[in-house]
Amino acid sequence: MKITSTSCICPVLVCLCFVQRCYGTTHHGSIRGTRNQTKHIEGETEVHHRPKRGWVWNQFFVLEEHMGPDPQYVGKLHSNSDKGDGSVKYILTGEGAGTIFIIDDTTGDIHSTKSLDREQKTHYVLHAQAIDRRTNKPLEPESEFIIKVQDINDNAPKFTDGPYIVTVPEMSDMGTSVLQVTATDADDPTYGNSARVVYSILQGQPYFSVDPKTGVIRTALHNMDREAREHYSVVIQAKDMAGQVGGLSGSTTVNITLTDVNDNPPRFPQKHYQLYVPESAQVGSAVGKIKANDADTGSNADMTYSIINGDGVGIFSISTDKETREGILSLKKPLNYEKKKSYTLNIEGANTHLDFRFSHLGPFKDATMLKIIVGDVDEPPLFSMPSYVMEVYENAKIGTVVGTVLAQDPDSANSLVRYFIDYNAEDDRFFNIDANTGTIKTTKVLDREETPWYNITVAASENDNPSLLSHVTVGIRVLDVNDNPPELAREYDIVVCENSKPGQVIHTISATDKDDFANGPRFNFFLDEHLSINPNFTLKDNEAAAAPSPSGFVHAREMGACGPAMPKPSCPRLV
């Protein structure tokens with residue numbers, strides 16, 4: 001309440017004097033005043049003075065939310081000048097005067113005509129004045145006073161931030177803090193217990209508790225296991241009036257989820273597994289999967305697989321699929337049913353992210369035995385060599401044996417094998433093969449000088465399953481025979497100078513042979529005996545010439561010998 005220099009306030013009785021200055025208390029007590037005021041102060045003598053005129057009113061509170069049929073009485077204004085004859089008129093101005101608050105201008109009684117809400121407006125500032133009805137002159141100075149709206153418990157506590165969603169790790173210690181909730185009460189916290197809130201738990205026991213004063217929610221049990229129960233719906237109540245009967249309450253829901261920790265080791269559902277892998281499986285391919293289960297989630301369930309022992313360690317490998325957490329078994333070397341029909345592997349799955357707080361629940365790994373059965377597959381015939389090289393002489397008779405290929409069924413059935421040559425449509429066929437024995441023969445006379453080498457493809461299939469084929473390359477070299485005479489390298493047109501000396505080399509001639517080296521050079525040069533010999537020339541082998549380039553020298557016997565009539569050339573350089 002605002003106190004001016006000419007006013008004083010008391011919760012029950014407030015006196016306002018013209019000259020005096022006083023201070024109100026919450027009860028009637030001593031009033032310190034001026035020389036015109038009677039004092040009642042302990043230890044001092046009582047002094048009597050003639051009182052001056054003054055204001056008197058005895059109440060300045062109004063209860064909020066008044067719902068009665070009549071206006072609510074607020075208080076009374078009274079002046080010392082009022083003798084009760086109606087000559088004094090009381091006037092009320094200020095906030096709500098005439099609308100919310102009305103005054104009986106004769107008696108000075110103030111009433112509230114409307115239901116007030118303290119949470120909207122806590123007090124009203126008004127002004128009072130007393131005037132003489134006859135002269136309309138003020139009998140008292142205008143004075144300001146306050147009407148306070150007194151609180152009642154008309155607001156329940158509210159959780160403004162709910163509902164809540166929160167997490168706490170599983171296996172937490174009892175008493176671990178989860179969340180602090182706060183409820184607000186719009187009532188007056190300075191008056192009574194209307195806004196004094198106490199928290200309690202309506203739903204969620206015995207798993208969680210709440211501090212009644214602070215609203216802190218804590219775990220109430222040891223070792224709460226996410227794998228047993230993950231989600232909890234906890235209902236917290238806030239009640240005003242310090243929780244007493246008749247207090248108003250509000251509630252909120254706290255949805256609590258236990259987050260995962262690595263407290264579960266991986267486990268294979270079975271201790272023995274069996275896997276079938278055909279012998280035709282390709283090296284590097286995935287041939288099977290195996291999986292250990294882990295009740296944890298996220299990284300706490302990550303694991304790696306390894307082959308710890310077994311007779312298939314060098315034949316198989318295992319890797320981990322990070323998405324599915326499966327062990328992927330792959331083939332490292334070819335399988336052969338006829339050599340080994342089964343393998344045994346011991347496989348281990350182990351967590352990669354360990355939490356040493358829970359090491360006593362381990363070990364965080366598990367092992368199982370995997371037996372791999374190798375499946376027999378009908379395989380195509382297998383040739384005795386990866387490729388063949390054969391030889392045959394040219395000009396050999398048709399039907400000459402070139403060579404033989406051999407293929408066998410690698411399966412235990414050992415089926416009979418048939419052979420054939422895999423020709424392209426445009427191939428000229430010089431060979432055939434015996435379907436039963438694999439013997440290759442010529443079908444045409446071969447000419448080494450035309451084709452010195454042939455490459456053919458031989459296929460083999462089983463009688464019982466002709467669709468299974470194997471192929472092998474056969475290279476056939478045609479061997480040379482001396483079936484081609486030597487030929488002069490070119491036609492020679494020799495010019496001899498007329499002054500050539502006897503014995504002088506006038507030209508060198510050379511020859512070629514289509515046969516290979518063994519049946520070609522060296523050559524012997526001589527003049528054809530069946531032709532007339534010109535006595536002016538001789539032909540002699542050049543024995544010093546290199547074998548691949550044999551040659552002969554033509555010599556002049558007599559000077560003055562000339563060849564065919566031609567323009568006179570320059571003489572060749574003597575050799």
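Note: hydrogens, waters and symmetry copies are ignored here, and every other heavy atom, side chains too, is used.
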Enquirer: Strictly distance-based, threshold 3.5 Å: is any side-chain N or O of Thr368 a donor or acceptor partner for the main-chain N or O of Gln270?
Expert: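 Such a contact is found between Thr368 side chain and Gln270 backbone.
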Enquirer: Going by ring pair (Phe, Tyr, Trp, His ring centres under 6.0 Å), name the pairs with one or both residues in residues 203-252, residues two or more places apart or in two chains.
Expert: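 Residue pairs passing ring pair (Phe, Tyr, Trp, His ring centres under 6.0 Å), neighbours aside: Tyr207-Tyr232, Phe208-Tyr232.
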Enquirer: Is it true that Arg357 and Asp355 make a salt bridge, defined as a side-chain N closer than 4.0 Å to a carboxylate O?
Expert: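 Result for this pair is yes, salt bridge flagged.
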Enquirer: Please check: side-chain N/O of Asp411 versus main-chain N/O of Glu379, any donor-acceptor pairing under 3.5 Å?
Expert: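 A pair under 3.5 Å: yes.
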Enquirer: Given 3.5 Å as the limit, does a donor-acceptor pair link the side chain of Glu65 with the main chain of Asp117, or not?
Expert: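 Here the side-chain-to-backbone pair does not exist.
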Enquirer: Among Thr259, Asp263, Asn223, whose side-chain contact (heavy atoms from CB on, under 4.5 Å) with Glu170 holds?
Expert: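 Between Glu170 and the candidates, side-chain contact (heavy atoms from CB on, under 4.5 Å) is satisfied uniquely by Asp263.
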Enquirer: Which pairs with one or both residues in residues 186-199 pass salt bridge (charged side-chain N to carboxylate O under 4.0 Å, His left out), sequence neighbours excluded?
Expert: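 The answer is none; no pair qualifies.
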Enquirer: Between Tyr199 and Ala183, is there a donor-acceptor pair closer than 3.5 Å when you use the side chain of the first and the backbone of the second?
Expert: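 Yes.
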Enquirer: As an exercise, state the distance from CG of Leu275 to CG of Leu370, rounded to the nearest 0.5 Å.
Expert: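 Spacing of CG (Leu275) from CG (Leu370) equals 5.5 Å.
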Enquirer: Side-chain contact test, heavy atoms from C-beta onward, threshold under 4.5 Å: evaluate it for Arg418 versus Asn436 and give yes or no.
Expert: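 Sidechains of Asn436 and Arg418: in contact.
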Enquirer: Within the side chain of Thr184, is there an N or O that forms a donor-acceptor pair under 3.5 Å with the backbone of Thr160?
Expert: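 Side chain of Thr184 to backbone of Thr160: no pair is present.
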Enquirer: Checking Asp173 side chain against Thr176 main chain: does a donor-acceptor pair fall under 3.5 Å?
Expert: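 Checking the backbone N and O of Thr176 against the side chain of Asp173, no donor-acceptor pair under 3.5 Å is found.
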Enquirer: So, Asp302 and Arg325, do they make that salt bridge, N to O below 4.0 Å?
Expert: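 Looking at Asp302 and Arg325, the cut-off is met.
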Enquirer: Look at Lys340 together with Asp311 and state whether they make a salt bridge at an N to O cut-off of under 4.0 Å.
Expert: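 Yes.
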Enquirer: Less than 4.5 Å apart, side chain to side chain, heavy atoms only: is that true for Asp260 and Glu227?
Expert: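 Yes, their side chains come closer than 4.5 Å.
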Enquirer: Side-chain contact test, heavy atoms from C-beta onward, threshold under 4.5 Å: evaluate it for Leu345 versus Ile318 and give yes or no.
Expert: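 Counting from C-beta outward, Leu345 and Ile318 never come under 4.5 Å.
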Enquirer: Mind running side-chain contact (heavy atoms from CB on, under 4.5 Å) on Arg429 and Tyr423 for me, showing each step along the way?
Expert: CA-CA 8 Å; Arg429 304 184 181 186; Tyr423 282 115; 3.6 Å; yes
Enquirer: Examine distances only and state if a side-chain atom of Glu348 and a backbone atom of Ile307 form a donor-acceptor pair shorter than 3.5 Å.
Expert: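 Not confirmed, Glu348 side chain does not pair with Ile307 backbone.
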Enquirer: Evaluate salt bridge (charged side-chain N to carboxylate O under 4.0 Å, His left out) for Glu326 paired with Lys291, printing each intermediate quantity in order.
Expert: CA-CA 5 Å; Glu326 294 175 314; Lys291 185 176 183 180; 5.6 Å; no
Enquirer: Rounded to the nearest 0.5 Å, how far apart are CG of Asn255 and CD1 of Ile165?
Expert: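 Those atoms lie 6.0 Å apart.
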Enquirer: Taking Tyr454 for the side chain and Val478 for the main chain, is one N or O donor matched with an acceptor at less than 3.5 Å?
Expert: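 Looks like no, no N/O pair under 3.5 Å.
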Enquirer: Would you check if the side chain of Gln150 reaches a backbone N or O of Leu63 as a donor-acceptor pair within less than 3.5 Å?
Expert: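 Here the side-chain-to-backbone pair does not exist.
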Enquirer: Below 4.5 Å, heavy atoms only, C-beta onward: do Glu279 and Glu338 meet side chain to side chain?
Expert: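 Side chain of Glu279 against side chain of Glu338, heavy atoms only: contact under 4.5 Å found.
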Enquirer: Could you list all the ring pair (Phe, Tyr, Trp, His ring centres under 6.0 Å) pairs where at least one residue sits in residues 377-396, not counting sequence neighbours?
Expert: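 Qualifying pairs: none.
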Enquirer: Output all residues satisfying ring pair (Phe, Tyr, Trp, His ring centres under 6.0 Å) with Phe268, sequence neighbours left out; order by chain, then residue number.
Expert: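 Testing Phe268 for ring pair (Phe, Tyr, Trp, His ring centres under 6.0 Å), a comparison that skips the adjacent residues, returns none.
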Enquirer: Among Asn300, Asn351, Asn264, find the one that has a side chain to side chain donor-acceptor pair (under 3.5 Å) with Asp294.
Expert: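 It is Asn351; the other options fail the test.
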Enquirer: Which pairs, with at least one residue in residues 329-374 and sequence neighbours excluded, count as a ring pair (Phe, Tyr, Trp, His ring centres under 6.0 Å)?
Expert: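 Output for this query lists Phe316-Tyr343.
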Enquirer: Decide side chain to side chain donor-acceptor pair (under 3.5 Å) for Thr443 and Asn432; before the verdict, give the C-alpha distance in whole Å, the side-chain angles of both, and the deciding distance to 0.1 Å.
Expert: CA-CA 7 Å; Thr443 59; Asn432 63 14; over 6 Å; no
Enquirer: Grab the two heavy atoms, one from Ala292 and one from Pro266, that are nearest each other, plus how far apart they are.
Expert: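 Taking Ala292 first and Pro266 second, the nearest heavy atoms are CB-CB, 4.2 Å.
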Enquirer: If we ignore hydrogens and angles and just use 3.5 Å, is the side chain of Asp409 paired with the main-chain N or O of Ser415 as donor and acceptor?
Expert: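 Here the side-chain-to-backbone pair exists.
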Enquirer: Can you sort out the partners of Gln274 under side-chain contact (heavy atoms from CB on, under 4.5 Å), two or more places apart, ordered by chain and number?
Expert: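 Per chain and number, Gln274 pairs via side-chain contact (heavy atoms from CB on, under 4.5 Å) with Lys371, Ile373.
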